[in-house]
Amino acid sequence: MTINQISIFIENRKNALSELTNVLAEHNINLRAIQIADTSDFGIARIIVDDPIPVQAALERSSYIVKTTPVIAIEIPDEAGSLNKILKLLADNGRNVEYMYGFTGRQTNAAFMVIRCTDVQKTEEILEKAGIRTVGQNEVSQL
């Protein structure tokens, strides 16, 4: 089960991030998670939202360069060592985590990690076999 992450190219300049969030606010888009990676000239904002299709369209109408990527969101117990166990499981099964970021939901006993791995389908199978719950796109608004 995957969710769709929207990656947005933004210039690394004053007010660029607030301009992006302004577009989101104008379209009443609630962010579930955001991660920013930057270089000296540009950045990539990776966002998770409830319904990515209209969000991508709104961003494109506002002249942003965007890409939708399937990623895996996993629910992990909110306790020490939980993430380590999952990362060790993936490493032991030859999965390379390209990047990840976390967020919390409305629940108090769980955290969520968004991971981008090599071979998403195989990674999902490994997680499922180990009893690790993945979150689907239809669940994002409920987290």
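All figures in this text were calculated on a predicted structure; none of them were measured in a lab.
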[atom1]/[X] to [atom2]/[Y] distance, rounded to the nearest 0.5 angstrom?
X: L89; Y: I132; atom1: CG; atom2: CD1; answer: 5.0 Å
X: I86; Y: E75; atom1: CD1; atom2: CD; answer: 10.0 Å
X: N15; Y: L20; atom1: CG; atom2: CG; answer: 12.5 Å
X: E98; Y: T69; atom1: CD; atom2: OG1; answer: 9.5 Å
X: Q56; Y: D51; atom1: CD; atom2: CG; answer: 11.0 Å
X: I6; Y: I48; atom1: CD1; atom2: CD1; answer: 8.0 Å

Could you please spell out the steps behind the side-chain contact (heavy atoms from CB on, under 4.5 Å) verdict for N96 and C117? CA-CA 6 Å; N96 177 38; C117 287; over 6 Å; no
Above 12 or not: heavy atoms from other molecules or residues under 6.0 Å from CD of Q121?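 Not buried by this count: 12 neighbours or fewer within 6.0 Å.
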Mark yes when over 12 heavy atoms from residues, nucleotides or ligands other than N28 sit less than 6.0 Å from its CG; otherwise mark no.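 No, the 6.0 Å shell around CG holds no more than 12 heavy atoms from other groups.
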Could you check whether any side-chain heavy atom of [X] comes within less than 4.5 Å of a side-chain heavy atom of [Y], counting everything from C-beta outward?
X: V97; Y: T123; answer: no
X: E60; Y: V66; answer: yes
X: F112; Y: V135; answer: yes
X: R32; Y: V49; answer: no
X: Q5; Y: V114; answer: yes
X: L31; Y: L24; answer: yes

Indicate, with yes or no, if [Y] and [X] share a hydrophobic cluster defined by side-chain heavy-atom contacts under 4.5 Å among Ile, Leu, Val, Met, Phe, Trp and Tyr.
X: I47; Y: I29; answer: yes
X: F42; Y: L17; answer: no
X: L127; Y: M1; answer: no
X: Y101; Y: I36; answer: no

Kindly confirm or rule out a cation-pi arrangement of R46 over Y99, judged by NZ or CZ under 6.0 Å from the six-membered ring centre and within 45° of its axis?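 Yes, cation above the ring, under 6.0 Å and within 45°.
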Looking only at heavy atoms, which two atoms of [X] and [Y] are closest? And how far apart?
X: P52; Y: Q137; answer: CD-NE2, 3.4 Å
X: A73; Y: I3; answer: CB-CD1, 3.6 Å
X: M113; Y: G102; answer: SD-CA, 3.6 Å
X: S7; Y: I44; answer: CB-CG2, 4.0 Å
X: A58; Y: V23; answer: O-CG1, 4.4 Å
X: S82; Y: P77; answer: OG-O, 3.1 Å

With the threshold set at 4.0 Å, does a side-chain nitrogen-carboxylate oxygen contact exist between R133 and E139?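 Between E139 and R133 there is a salt bridge, with a charged N closer than 4.0 Å to a carboxylate O.
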Go through the steps for V120 and I72 under the test side-chain contact (heavy atoms from CB on, under 4.5 Å), then give the verdict. CA-CA 7 Å; V120 171; I72 301 170; 3.9 Å; yes
Start with the C-alpha distance between V71 and T2, add both sets of side-chain angles, then the distance that settles side-chain contact (heavy atoms from CB on, under 4.5 Å), and finish with yes or no. CA-CA 5 Å; V71 293; T2 61; over 6 Å; no
Please check: side-chain N/O of N12 versus main-chain N/O of G43, any donor-acceptor pairing under 3.5 Å?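 Not confirmed, N12 side chain does not pair with G43 backbone.
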Mark yes or no for whether R116, through its side chain, and P70, through its backbone, hold a donor-acceptor pair below 3.5 Å.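 Pair found, side chain donor or acceptor close to backbone of P70.
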Which is it for F9 and Y64 under the ring-ring contact (aromatic ring centres under 6.0 Å, His included) test, yes or no, and what are the steps along the way? CA-CA 7 Å; F9 178 85; Y64 283 97; 9.4 Å; no
Can you list everything that forms a side chain to side chain donor-acceptor pair (under 3.5 Å) with E19? Sequence neighbours excluded, please.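 Expected list: R13.
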May I have the step-by-step check of side-chain contact (heavy atoms from CB on, under 4.5 Å) for K129 and I126, ending in yes or no? CA-CA 5 Å; K129 185 177 177 183; I126 292 165; 5.9 Å; no
